Amino acid sequence: MKTLFRILIVLSFLAIIFHYSSNSSDYEPLEGPNSSSQIIPKTKSDDLKVLQDALPRPDVGLSTLIGKKSNILVEKYGEPSRYDSSPYGYDWWIYNSIPEQFVMFGVNNNLITQVYTSGEDVDVSPYKIGQTLADIYRMTIVNSEVVANIEDSIYTFTLSEEDMNTRILTKFDNIFAQLYIDSERGVLSGIRFTDSKTLVMHRPYEMSFVGELLSPPNPTSFLIEESNLSGAKQLFDLLNVFRVQNNISPIEQDVQVSELAMQHSEDMYTQNYLSHDSPTKGSLKDRLDEANIIYKETEENIATAYFDSIEAAHGWLNSSNHREYMLDDRFTHVGSGVFINYYTQIFLQKPDEEIIE
């Protein structure tokens with residue numbers, strides 16, 4: 001009887017090991033800062049620093065393009081690789097032909113309102129992609145509260161301790177820079193320069209305000225659909241830029257897997273859950289098998305509560321499990337899907353014969 005009991009214990013232990021080894025995606029999904037960031041109206045500005053120390057605006061580099069007409073982009077860089085829609089009323093002009101020179105320009109009514117890059121060969125003065133966090137703190141005015149003024153309204157952004165180490169917000173004369181830090185390497189992996197109105201519309205941090213609450217326009221269903229497709233393309237672009245930054249070969253996009261990733265993002269949104277396991281469509285393996293997708297290895301990253309794909313991609317990069325899949329050189333193909341603010345990336349290692357074909 002004791003022998004049988006010991007055998008049952010051993011079998012139970014082995015079953016537990018098998019369960020966790022065969023469900024390697026069973027880790028906490030990533031929920032972004034927008035899930036807890038508050039928007040706090042205030043009636044008095046006494047406790048707000050209306051005048052705040054700011055760095056002088058650079059006279060060279062990408063940030064000098066903020067506020068200029070968009071035709072300057074064609075003069076400097078040529079026609080973009082594509083134009084992406086966004087639900088915030090601006091379009092993204094995407095330059096993605098060379099990962100080291102990857103740039104996205106936000107254009108609203110023919111004016112450049114923001115620019116993002118993670119390209120190592122791009123001039124992001126006064127910073128540099130790959131610059132250490134310690135060096136950034138030495139040369140930058142870093143405050144836990146940053147103030148933006150738009151006409152008579154005052155907006156104050158409050159950064160958490162984590163923000164101060166991974167998503168620093170710094171102020172220049174009349175623009176702002178969001179510094180995205182690769183927390184594992186301790187270096188600047190991406191930067192977004194933006195004007196005040198775009199920053200307030202995005203609300204990337206907890207925000208209090210006095211005056212009028214500036215809100216993004218209500219997108220049409222067509223614009224939402226176009227923005228979802230654009231966000232998925234941006235996830236793919238950013239993934240390969242991060243892989244190149246970390247000396248990993250770029251990965252190929254799979255259209256069928258991208259469709260599956262989009263379906264999972266939509267499923268999570270419509271059924272209000274955040275999980276690798278769908279209540280109706282099952283696990284990642286179930287979904288791949290149902291679509292007759294052949295693979296050797298597979299993993300999945302999911303996230304929600306980020307205001308765009310840039311934020312979601314950097315969130316994954318700074319989460320150890322998600323980062324592992326993004327930078328795993330075993331994976332040969334990826335599918336990316338976005339629905340509103342739900343993000344999915346499915347990674348595959350395809351059989352050798354599939355790669356040849």
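Quantities reported herein were computed from a predicted structural model and do not represent experimental measurements.
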What's the shortest heavy-atom distance between Lys69 and Ile112, and which atoms? O-CD1, 3.9 Å
Does Arg330 form a salt bridge (charged side-chain N to carboxylate O under 4.0 Å, His left out) with Asp328? I'd like the steps, not just the answer. CA-CA 5 Å; Arg330 294 176 305 158; Asp328 192 331; 2.7 Å; yes
Counting N and O atoms only, with roles assigned by atom type, does the side chain of Gln245 sit under 3.5 Å from a partner on the main chain of Ser118, one being a donor and the other an acceptor? yes
If we ignore hydrogens and angles and just use 3.5 Å, is the side chain of Asp182 paired with the main-chain N or O of Leu317 as donor and acceptor? no
Which atoms form the tightest heavy-atom contact between Phe193 and Ile66, and what is the distance? O-CD1, 3.7 Å
side-chain contact (heavy atoms from CB on, under 4.5 Å) evaluation trace for Leu239 with Leu235: CA-CA 6 Å; Leu239 172 64; Leu235 284 182; over 6 Å; no
Quick one: does Trp316's side chain have a donor or acceptor within less than 3.5 Å of a partner on Ile302's backbone? yes
Donor-acceptor contact present, side-chain Asn143 to main-chain Val146, <3.5 Å: no
Please check: side-chain N/O of Ser230 versus main-chain N/O of Ser85, any donor-acceptor pairing under 3.5 Å? yes
So does Gln271 have more than 12 non-hydrogen atoms from other groups sitting under 6.0 Å from CD? yes
Could you verify whether a donor N or O on one side chain and an acceptor N or O on the other, from Thr304 and Glu31, lie under 3.5 Å apart? no
Should Arg192 and Asp308 be marked as a salt bridge (charged side-chain N to carboxylate O under 4.0 Å, His left out) after you check the CA-CA gap, both sets of side-chain angles, and the distance that decides it? CA-CA 12 Å; Arg192 185 194 314 239; Asp308 68 6; 3.0 Å; yes
Give me each pair satisfying ring-ring contact (aromatic ring centres under 6.0 Å, His included) with a member in residues 93-120, each pair once, sequence neighbours excluded. Tyr77-Tyr95, Tyr77-Phe105, Tyr83-Trp93, Tyr95-Phe105, Tyr116-His314
Any chance the side chains of Thr140 and Tyr127 put a donor and an acceptor closer than 3.5 Å? yes
With a 3.5 Å distance limit and no angle check, can you tell me whether Arg167 reaches the backbone of Tyr205 through a side-chain donor-acceptor pair? no
Does Asp152 have more than 12 heavy atoms from other residues, nucleotides or ligands lying within 6.0 Å of its CG? no
Contact summary for Leu179 and Ile191, nearest pair of heavy atoms: CD2-CD1, 3.2 Å
Salt bridge Glu300-Arg287, side-chain N to carboxylate O under 4.0 Å: yes
Which heavy atom in His322 sits nearest to a heavy atom in Asn301, and how many Å separate them? O-ND2, 3.1 Å
Does Asn108 form a side-chain hydrogen bond (donor to acceptor under 3.5 Å, both in side chains) with Thr113? I'd like the steps, not just the answer. CA-CA 7 Å; Asn108 194 349; Thr113 58; 5.5 Å; no
Is any side-chain heavy atom of Leu111 less than 4.5 Å from a side-chain heavy atom of Asp195? no
How close do Asp329 and Arg243 get, heavy atom to heavy atom, and via which atoms? CA-NH2, 3.9 Å
If we ignore hydrogens and angles and just use 3.5 Å, is the side chain of Ser265 paired with the main-chain N or O of Gly337 as donor and acceptor? yes
Looking only at the side chains, is there a donor atom on one of Tyr90 and Gln114 sitting less than 3.5 Å from an acceptor on the other? yes
Which heavy-atom pair separates Leu223 from Pro219 by the least distance, and what is that distance? CD2-CB, 3.8 Å
Can a donor-acceptor pair be found, under 3.5 Å and without considering hydrogens, that links the side chain of Asp163 to the backbone of Ser160? yes
Checking Ile310, Val115, Thr117, Asp237 against Met104 for side-chain contact (heavy atoms from CB on, under 4.5 Å), the one that qualifies is Ile310
Within a 6.0 Å radius of atom CD on Glu100, are there more than 12 heavy atoms belonging to other residues, nucleotides or ligands? yes
Do Asp277 and Ser275 have side-chain atoms, one donor and one acceptor, less than 3.5 Å apart? no
Asn218 atom CG: more than 12 heavy-atom contacts under 6.0 Å: no
Steps toward salt bridge (charged side-chain N to carboxylate O under 4.0 Å, His left out) verdict (Lys350, Asp254): CA-CA 11 Å; Lys350 289 197 172 183; Asp254 187 291; 2.5 Å; yes
Quick check for you: to the nearest 0.5 Å, what is the distance between Ile72 atom CD1 and Asn110 atom CG? 13.5 Å
How are the rings of Phe339 and Tyr269 set relative to one another: parallel (under 30°), tilted (30 to 60°) or perpendicular (over 60°)? tilted
Is the side chain of Ser309 donor-acceptor paired with the backbone N or O of Gly231 at a distance under 3.5 Å, no angle test? yes
Return yes if some donor-acceptor pair links the side-chain N/O of Ser189 with the main-chain N/O of Tyr180 below 3.5 Å, else return no. yes
